[in-house]
Q: 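Let me give you the structure first, and then I'll get to my questions.
Below, all heavy atoms of this structure are taken into account, side chains as well, without hydrogens, waters or symmetry copies. Keep in mind that what you see is a predicted model, and the values were worked out from it rather than measured. Start at 1 with the first residue, then count along the sequence.
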Amino acid sequence: MRRIIATLTLLGAAGGVQGEPAIQDEPSLVFQRICNVERGQDDAAEALARDWEELVRRSFPGAEMTVTTGRWMTGFQNIERPFDQILIRERHLDAEMRQDFTDLLMADEGFRALQRKMLDVVDFGTCTETQFRERP
């Protein structure tokens, strides 16, 4: 199992870091999606993870997103025939910041091009999504 991790810092609504770091009262909101990688597409999944990291780092300085390839147990993962998977994880201060980040991504042509590449790499029917607050 090979692993690629891309970690960046937090995004403000205007697309950049807002002010100085401060202690927040509520734990951060985490959104993650895990999808099975189509058989034979492991190298393409790793390249996609690197491209995603580069796009977010270049286009959205201040965003916090992790893209990892590996294996996790989900409802679509068979322990006897495991699939390689891709995990996309975002961390935001609140739901409004997550929506702002999503809107920025969806308006970016480079991001939309990466999503089109994902059609050949990921089995979208196997994707599972979770959203939770981090523990303090």
Q: Determine yes or no for a side-chain-to-main-chain donor-acceptor pair under 3.5 angstrom, with T126 supplying the side chain and C35 the backbone.
A: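 No, the answer is negative, given that no donor and acceptor are paired below the 3.5 Å cut-off.
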Q: Less than 4.5 Å apart, side chain to side chain, heavy atoms only: is that true for E90 and L29?
A: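 The answer is no; the side chains never approach within 4.5 Å.
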Q: Any chance you could pull the hydrophobic cluster mates of V30, using side-chain heavy atoms under 4.5 angstrom and chaining through other members?
A: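 Members besides V30, by chain and number: F132.
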Q: With sequence neighbours left out, write down each residue that passes salt bridge (charged side-chain N to carboxylate O under 4.0 Å, His left out) with E109, or none if nothing qualifies.
A: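 Counting only residues at least two positions away or on another chain, E109 forms a salt bridge (charged side-chain N to carboxylate O under 4.0 Å, His left out) with R112, R116.
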Q: Say you draw a straight line from OG1 of T69 to CG of D42; how long is it, rounded to the nearest 0.5 Å?
A: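 If we round to the nearest 0.5 Å, T69:OG1 and D42:CG are 8.0 Å apart.
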Q: Taking the six-membered ring of F31 as reference, does the cationic atom of R98 (NZ for Lys, CZ for Arg) lie under 6.0 Å from its centre and within 45° of its axis?
A: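 Pair R98/F31 counts as cation-pi.
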Q: Output all residues satisfying salt bridge (charged side-chain N to carboxylate O under 4.0 Å, His left out) with R39, sequence neighbours left out; order by chain, then residue number.
A: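 Per chain and number, R39 pairs via salt bridge (charged side-chain N to carboxylate O under 4.0 Å, His left out) with no residue.
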Q: Working to the nearest 0.5 Å, report the span between CH2 of W52 and CE of M65.
A: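 W52 CH2 to M65 CE: 6.0 Å, rounded to 0.5 Å.
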Q: Can V56 and F111 be said to form a side chain to side chain contact (heavy atoms under 4.5 Å, CB included), step by step?
A: CA-CA 8 Å; V56 172; F111 176 76; 6.0 Å; no
Q: Is any side-chain heavy atom of C127 closer than 4.5 Å to a side-chain heavy atom of I34?
A: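 Not in contact.
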Q: Quick one: pull up CG in L119 and CG in L114 and give me the separation to the nearest 0.5 Å.
A: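 Spacing of CG (L119) from CG (L114) equals 11.5 Å.
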Q: So R33 and T128, side chain to side chain contact (heavy atoms under 4.5 Å, CB included) or not? Walk me through it.
A: CA-CA 6 Å; R33 174 180 290 149; T128 60; over 6 Å; no
Q: What I'd like to find out is whether the side chain of I88 reaches to under 4.5 Å of the side chain of Q32, using heavy atoms alone.
A: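 The answer is no; the side chains never approach within 4.5 Å.
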Q: Within a strict 4.5 Å, meaning less than it, do heavy atoms of the F83 and V37 side chains meet?
A: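 No. Closest side-chain heavy atoms not under 4.5 Å.
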Q: Taking C-beta and beyond as the side chain, do M106 and Q115 meet within less than 4.5 Å on heavy atoms?
A: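 Yes - at least one pair of side-chain heavy atoms lies under 4.5 Å apart.
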Q: Using the salt bridge (charged side-chain N to carboxylate O under 4.0 Å, His left out) rule, take E54 and R57 through it: C-alpha gap first, then chi angles, then the decisive distance, then the call.
A: CA-CA 5 Å; E54 176 60 30; R57 188 171 16 123; 2.7 Å; yes
Q: When you compare the side chain of E134 with that of R91, does any pair of heavy atoms fall below 4.5 Å?
A: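 When only atoms from C-beta onward are counted, E134 and R91 do touch, with a gap below 4.5 Å.
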Q: State, with a plain yes or no, whether a side-chain heavy atom of T68 is found less than 4.5 Å away from one of I86.
A: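 Sidechains of I86 and T68: no contact.
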Q: From E46 CD over to D84 CG, what is the distance, rounded to the nearest 0.5 angstrom?
A: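 Here the interatomic distance stands at 8.5 Å.
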Q: Supply the atom-to-atom distance Q131 CD to H92 NE2, rounded to the nearest 0.5 angstrom.
A: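 Reported value, rounded in 0.5 Å steps: 9.0 Å.
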Q: Roughly how far, to the nearest 0.5 Å, is the CG atom of D108 from the CG atom of D103?
A: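 Here the interatomic distance stands at 12.5 Å.
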Q: Identify which one of Q85, R71, Q41 satisfies the side-chain hydrogen bond (donor to acceptor under 3.5 Å, both in side chains) criterion when paired with N36.
A: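 Exactly one option meets the side-chain hydrogen bond (donor to acceptor under 3.5 Å, both in side chains) with N36, and it is Q85.
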